[in-house]
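Taking it in order: structure first as structure tokens, then the write-up.
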Number of protein chains: 2
Amino acid sequence: MTQKKLPALSPSETEILRLVWQLDKATVQDVCNKLPAKRKIAYATVQTLLRRLEKKGYVKHRIRGKAHVFFAAVKSEHVIKRSVGDFLDRLFGGDPIPLMQYLAEHGKINAGDIEKLKRLAGKK
Amino acid sequence: MTQKKLPALSPSETEILRLVWQLDKATVQDVCNKLPAKRKIAYATVQTLLRRLEKKGYVKHRIRGKAHVFFAAVKSEHVIKRSVGDFLDRLFGGDPIPLMQYLAEHGKINAGDIEKLKRLAGKK
DNA sequence: CATAATATCGTACATTTGTACAAGCTGTCA
DNA sequence: TGACAGCTTGTACAAATGTACGATATTATG
């Protein structure tokens, strides 16, 4: 079930889309509230971003009362796959190992986590 | 030894900067040749990107004959740290675990790699 | 030394991105 | 049912991004 090719996501759009996934269904308000404290952007801005996400096909909405309730129209896996792929290409020429290494060294990953990962890697 | 706050890198700039690191010292030509086959952009475009990287402080250059030889002015670690951090924030709300998981499941990581990572994680 | 070849520089420009105001709907509550 | 609060829509706009042409400078070459 291969997905259609969707237009690229801008960084901010990605951020908003993540929140939509996290909330499952969300109004503009909901998204605003869920924004990390460090990253406060205006209601109107979030609106525009959601509009653009909809135009690009990443979310849809349904009307509930006077509010629009947005929900993702694509599986996060799909977007993650592309995003990680692009990121890896750009910063590491596509090789995932250096990224893993970086995360292992600096990202608070502990031995237990790695054990779990090992199981995952083994399974597939 | 904390680094100055450098302006943000655009995706394309990041890509070019990576090649400069990889080549250590590089002319515009060198960078062009090193571009992945899939991603051919014009000489002039690479030039502009290098110019912008220099203006932003990420690279410097020295003249050799008629050619400019560019070289990185910042340690890759620094840029990687910021890039990975931003990426993580945007796509995973800052949590590195899901990314590790994704890489373990889909990125061609094998048990041996994981062993190495474990050692790294343990060391720090 | 004149010229061809090769680089760089200045400049340009269409898009995309981030951000937001103002005006117009639409339920809701007194 | 009329006014209000809350939403959406349309529109705007500066800055960043991706891409590149044309003019100019410099080196090597015959």
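Side-chain atoms of B:S12 and B:R39 include a donor-acceptor pair closer than 3.5 Å.
The minimum heavy-atom distance between B:L53 and B:L17, with the atom names listed, is CD1-N, 3.9 Å.
In this entry the distance linking CG of A:L6 with C1' of C:dT16 reads 17 Å, nearest Å. Between A:D30 atom CG and D:dC7 atom C1' the separation is 13 Å, expressed in whole Å. Rounded to a whole Å, the CG atom of B:L50 is 13 Å from the C1' atom of C:dA7. As rounded to whole Å, 16 Å separates atom P of C:dG18 from atom NZ of A:K55. One can place CG of B:L53 at 15 Å from P of C:dT8, the figure rounded to the nearest angstrom. Between the P atom of C:dT17 and the CZ atom of B:R90 lies a distance of 12 Å, rounded to the nearest Å.
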In the 5'-to-3' direction, what one-character label does each nucleotide of nucleotides 8-22 of chain D receive under the scheme B = base within less than 4.0 Å of a protein heavy atom, S = sugar-phosphate only, - = no such atom? BBBB-----SBBBB-
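The stretch residues 29-38 of chain B participates, sequence neighbours left out, in these side chain to side chain donor-acceptor pair (under 3.5 Å) pairs: B:T27-B:D30. Among pairs with a residue in residues 41-52 of chain B, none fulfils side chain to side chain donor-acceptor pair (under 3.5 Å), at least two apart in sequence or across chains.
Under a 3.5 Å cut-off, the side chain of A:R82 and the backbone N or O of A:E77 do not form any donor-acceptor pair.
In this structure A:F70 satisfies the ring pair (Phe, Tyr, Trp, His ring centres under 6.0 Å) test together with A:H61, sequence neighbours excluded. Taking A:F87 as the reference, B:F87 meet the ring pair (Phe, Tyr, Trp, His ring centres under 6.0 Å) condition, with sequence neighbours excluded.
B:V46 and B:V69 are members of different hydrophobic clusters when ILVMFWY side chains are connected at heavy-atom separations under 4.5 Å.
Note that the two end axes of the helix from C:dC1-D:dG30 to C:dA30-D:dT1 enclose an angle of 0°, each drawn from 5 base pairs, rounded to 10 degrees.
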